[in-house]
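Chain letters run A, B, ... following the sequence lines, proteins first, then strands; residues in each count from 1.
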Amino acid sequence: MSISQKLEEIRKAATTELEAAGDAKKLEEWRIRYLGKKSRLNEVLRSLSRLSLDEKKTVGAAANRLKVELEEWLGQKERAVRRDRMEASAAEKGIDISLPGRPFPAGRLHPVTQVYREIDAIFTSMGFEVVEGPEVEWDYYNFEALNIPAEHPARDTMATLWIDSEEKDNGKTRLLRTHTSPMQVRVMEQKSPPVRIVVPGKVYRYEATDATHIPMFHQLEGLAVDKGITLADLKGTLYEFACRFFGKDRRVRFRCDYFPFVEPGVEMAIECAVCKGDGCRLCGNSGWIEILGAGMVHPRILERVGIDPEVYTGFAFGMGIERMPMLRYGIDDIRLFYGSDLRFLRQF
Amino acid sequence: MKVPVRWLKDYVDIDLPPAELARRLTMAGTETSMMSLGQGWQGVVIGEIIAIEPHPDADRLRLVTVDLAAEKQTVVCGAPNLYWGDKIAFAAVGTELIDGHTGEKAVLKKVKIRGVVSCGMVCSEKELGISDSHEGIMVLPPEAPLGASLADFLGDVVLDLEVTPNRPDLLSVTGVAREVAALTGKSAYVSELELDYEGESIEKQISVEIADTDLCPRYCASLIAGIEIGESPELMKQHLASAGMRPINNIVDITNYVMLEYGQPLHGFDYNKIGDKKIIVRRARDGEVMISLDGVERKLSRDMLVIGDSRRAVAIGGVMGAANSEVDEKTTAILLEAASFKPSSIHFTSRKLGLVSEASMRFERAIRAELTLPALKRATQLIIQIAGGKAARGLIDVYPGRREPEPILLRPERVNKVLGVDFSPERIESALVALGFHMKKASSAEGLLVNTPYWRSDISIEEDLIEEVARIIGYDNIPTTILSGMIPPQSGNPAVKLRERVNDILTGFGFQEVITYSLTSREVMAKLSQGLLEPEPLPLANAMTVEQGCLRTSLRGNLLIALESNRRHENGTIMLYELGRIYLTLGSDLPEEPEILCGLLSGSGEDKIWHGRREAIGFFDAKGVVEGLLSRLGLGAEYEEGDDKGLMAGRQATITVGGERIGVVGELHPAVAEAFDITGEVYLFEMEMAALLPHTLGHKTFQPIPRFPAVVRDIALVLDNSISNKQVIDFIKGFSLVQEVALFDVYIGKQLPSGKKSLAYRINFQSSKHTMTDEEVDKVQQKILNKLSGELGVSLRV
């Protein structure tokens with residue numbers, strides 16, 4: 001048998017056996033048999049010294065080639081076996097991924113805080129600054145300074161929780177503010193124009209609690225005073241707000257309304273999302289949902305804080321906050337906001 | 001204010017559909033909705049009674065034959081007011097009517113009444129839903145067209161206006177007509193009448209004196225004698241009913257009708273009941289008592305105005321008449337009052353007495369004194385027409401409060417400046433003319449001098465006129481522009497920013513934010529400190545309930561209530577917090593309103609989780625939250641034993657930052673938990689935001705990352721129980737090359753002598769100049785151990 005025949009035989013046997021070797025142990029046996037010191041291939045390589053120079057060249061090269069080939073095959077086979085083993089072990093270690101994860105508590109902001117953030121961000125981007133004021137307020141700031149003197153019928157529309165008995169006049173009567181508007185006066189007393197502020201905060205009313213009334217709720221007041229501010233600016237600013245908050249596809253309506261501390265007075269409403277303006281139960285058949293009251297700051301108020309209404313004009317607006325998530329999520333009971341029920345709060 | 005469109009049409013031409021009318025009124029400032037009268041009247045037609053025969057088998061029933069033009073029908077009817085030739089409303093079988101007895105809707109069926117078949121019904125007002133009257137059938141005016149549908153003849157749309165407090169003129173049909181005219185480009189027909197007077201002069205029959213002219217600027221009256229009390233005409237009754245007022249008798253109905261027409265409340269006295277034929281308008285005497293028309297005894301006081309005769313009060317001025325001078329069936333002469341009262345006084349009186357009437361509602365909204373005469377003349381004329389009688393010659397008109405109205409200067413340039421428009425002076429003028437304003441060029445030639453029409457009381461400055469112009473031209477015709485001025489300099493509100501960060505951090509830790517009422521009860525506040533009410537909460541003067549009787553001095557109360565109520569459906573860990581104000585009394589000044597952060601943690605560790613149990617929430621969870629929060633805010637804190645009465649002694653710490661006390665953390669006192677019906681441990685932390693704020697404002701400086709590796713050594717120490725972890729850490733940190741010391745184990749138990757504990761620390765040694773060798777570290781460590789042993793008696797645990 002020639003050496004080249006011998007090599008061919010080794011190759012055949014090695015290939016067949018390697019094919020059959022299925023695990024690391026078998027592969028090691030195979031390696032010892034075909035690549036080890038006592039392997040036939042090694043015998044061949046060792047016997048080369050006895051051969052002529054020419055034979056050495058041809059046979060030696062063939063034997064060495066076979067050795068490299070066998071090593072390469074082994075490497076391939078080893079990688080394949082390792083991969084099979086990993087796969088097999090993954091199947092063994094398989095888990096029921098439908099089991100719940102280890103709980104990691106998820107905290108949430110109260111929906112009112114969430115809405116405030118959204119609204120504050122819109123107005124902040126338009127150059128308004130967030131300021132805050134006292135919740136226990138003087139009659140003067142809550143009413144008098146806003147053109148609502150004692151015995152004004154507008155007081156009846158804001159049933160008041162009093163700290164001091166209402167009869168104690170002289171404006172030094174304390175009450176729980178019924179709206180965030182007192183801050184209009186407080187801010188203008190402190191700052192000279194230009195002024196652009198929004199005032200978030202709690203307000204209070206003497207209201208028996210039911211699905212639509214609670215004694216404490218939240219408002220956001222806005223005020224801009226400068227030279228040349230117009231009703232058109234009021235419309236533009238609030239329209240921008242409505243577009244960003246409710247979406248550009250909701251129609252917005254501005255109509256005349258009355259608030260003693262603005263003139264002209266404005267109410268902004270948006271198209272009812274349920275009926276798209278046709279009228280339904282949610283919007284009281286009007287097709288519109290009132291969002292806020294607004295208007296040009298009354299000249300008497302500017303005068304009262306020492307701002308010349310001939311030089312400066314301004315607009316103000318005020319909106320209820322709870323209304324926003326109520327409309328957005330279809331919440332039908334305002335009491336839920338302050339009942340602290342986690343089953344409610346976790347939904348937002 | 002409910003205004004039937006049919007009535008409105010008496011004063012203004014209307015060619016727009018009611019829905020469009022309502023829309024325009026709404027856009028111009030008065031929210032208006034519509035109600036339909038007669039929607040359910042399909043199948044009701046106008047008929048005439050052509051025969052009335054007795055029922056063969058019942059005394060109280062009769063057989064009525066009705067001509068309906070197309071056919072004749074005979075029905076059984078029990079009404080007392082059946083007369084031959086009367087026009088009536090006839091409902092055919094199948095019509096849906098309101099059952100006169102049950103008040104429910106029911107479909108009319110063919111029935112046999114005592115043996116006689118009845119196919120249909122002659123209707124009462126109640127059955128048609130017009131009023132509550134069910135004593136007899138409704139009789140229609142003779143001109144009602146035979147066989148026509150009732151809905152065509154009487155059906156109507158009623159506009160329901162939500163009138164704002166500044167527009168009392170819209171509490172009248174003529175006022176609404178004027179508004180509608182201005183909004184639709186029409187004119188309103190409201191003409192002033194001239195009266196026919198007969199008989200003796202009124203001054204000889206009654207004298208009027210206004211004693212308190214500050215409360216009553218004008219008092220007018222007429223006198224009509226020889227009248228006969230009776231029912232009002234059908235149309236008047238229908239107008240009143242559809243405007244929401246119950247017809248009573250012709251005199252009362254006329255005063256109400258004219259009030260609805262003109263917006264001026266009127267009051268009719270029985271002239272013969274006025275003592276000494278003298279009217280004195282005066283303040284009530286303290287303690288004076290009067291029974292008002294509704295039969296209630298009213299206690300009056302000096303700050304209320306009464307209309308008196310020579311002896312007694314016969315009315316509370318502008319609010320309600322007295323029973324003692326009421327018009328009744330025997331009345332033959334009427335003293336009719338149309339007066340003007342001080343709005344704030346009426347508001348005060350009506351609120352004080354809890355008596356809001358149609359009259360008081362109008363007077364407190366400041367109707368004009370000029371309204372009195374036109375309304376008085378109109379009512380006097382109607383009384384003569386409807387109730388008969390003759391008016392005495394002349395009218396009483398005592399008018400001490402007369403003031404000449406000042407014209408208002410309106411500059412078109414100012415209109416455009418405030419509205420942001422470019423309206424021509426002509427366009428501005430025509431908007432005002434449409435509303436009944438009169439104007440002339442101001443002599444200074446810069447604008448117009450505008451006179452307000454006598455029915456408007458809400459116009460006193462230029463801006464009021466600007467609003468009139470804007471609402472008539474329409475807010476939709478004002479452009480929308482973006483604020484063009486400079487953005488004012490902003491101070492940045494650090495308190496708001498801090499709150500935002502705290503909100504983010506705590507929700508990030510898994511806390512749920514809650515907002516609870518600021519109103520609470522003294523009882524809840526007292527429970528928090530085991531009965532001691534400190535500080536005294538600020539009470540409300542007019543609390544609705546005891547539960548909401550005062551302002552909270554702590555957030556803990558409502559948070560514990562929230563925890564307890566959630567515990568009813570939630571077994572697992574609950575972590576809540578609130579960021580809100582408390583209210584601390586400062587004498588008669590406004591209270592302090594510090595913002596407080598309060599968080600609660602509660603959980604028994606019994607949450608069933610498939611991969612093992614959670615540990616029960618403990619003090620170190622709460623402290624961990626505080627440490628985490630402060631660390632996120634870039635603050636280090638010190639913790640010292642606290643003495644908060646609401647927390648458990650020995651299991652609470654005062655939190656100090658930069659030497660200033662900013663809050664507490666600890667376990668809720670079990671007695672407090674029990675008072676709130678909470679079982680199990682509750683841990684709580686509380687901080688004052690204002691105390692925290694200044695420490696968060698500084699800027700941080702970057703620390704370079706160490707270039708040389710740290711050498712880590714763990715040591716376990718045995719020490720007296722009395723030595724705190726903090727003491728040991730501070731001690732070790734005092735050595736140079738010690739970079740960090742962290743506690744990793746605490747052991748107290750049998751393997752140690754009593755009174756001893758073992759604390760294990762991991763110390764990082766690090767140099768900023770070179771890589772430390774073991775020998776170097778050994779030396780420092782030995783030094784530490786020696787000093788610990790020498791100064792604190794601490795030994796190495798082996």
What I'd like to find out is whether the side chain of B:I487 reaches to under 4.5 Å of the side chain of A:M126, using heavy atoms alone.
no
Pair A:E310 + B:K417: basic N to acidic O under 4.0 Å:
no
Measure distances from A:Q114 to the heavy atoms of chain B and classify the residue's part below 4.5 Å as side chain, backbone, both or neither.
neither
NZ/NE/NH1/NH2 to OD/OE distance under 4.0 Å, B:K342 and A:E151
no
Backbone N or O of A:V136 within a donor-acceptor pair of the B:E593 side chain at under 3.5 Å?
yes
Say whether, by atom type as modelled, one donor and one acceptor occur between the side chain of B:E463 and the main chain of A:E263 under 3.5 angstrom.
no
With a 4.5 angstrom heavy-atom cut-off, is it the side chain or the backbone of A:P153 that approaches chain B, or both, or neither?
both
Polar contact flag, side-chain donor to acceptor under 3.5 angstrom, A:Y258-B:T30
no
Would the distance check show the side chain of A:R117 and the main-chain N or O of B:E500 forming a donor-acceptor pair, the cut-off being under 3.5 Å?
yes
Examine distances only and state if a side-chain atom of B:N542 and a backbone atom of A:W162 form a donor-acceptor pair shorter than 3.5 Å.
yes
Can a salt bridge be assigned to the pair A:D341 and B:R568 using a cut-off of 4.0 Å between side-chain N and carboxylate O?
no
Using only atom types and a distance under 3.5 Å, with no angle test, would you say the side chain of A:E129 pairs donor to acceptor with the backbone of B:S491?
yes
Is A:Y204 close to chain B through its backbone or its side chain, or both, or neither, when contacts mean heavy atoms under 4.5 Å?
side chain
Part of A:T237 lying under 4.5 Å from any heavy atom of chain B
both
Heavy-atom cut-off 4.5 Å, strictly under: side chain, backbone, both or neither for B:L563 against chain A?
neither
Within the structure provided, determine whether B:E467 and A:M296 are in side-chain contact (heavy-atom separation under 4.5 Å).
no
Which atoms of B:S345 approach chain A - backbone, side chain, both or neither, heavy atom under 4.5 Å:
neither
Are A:R108 and B:E513 close enough for a salt bridge, meaning some N to O gap below 4.0 Å?
no
Contact class of B:L559 relative to chain A, heavy atoms under 4.5 angstrom
neither
So that I know where these two stand, are B:Y475 and A:F254 an aromatic pair - ring centroids less than 6.0 Å apart?
no
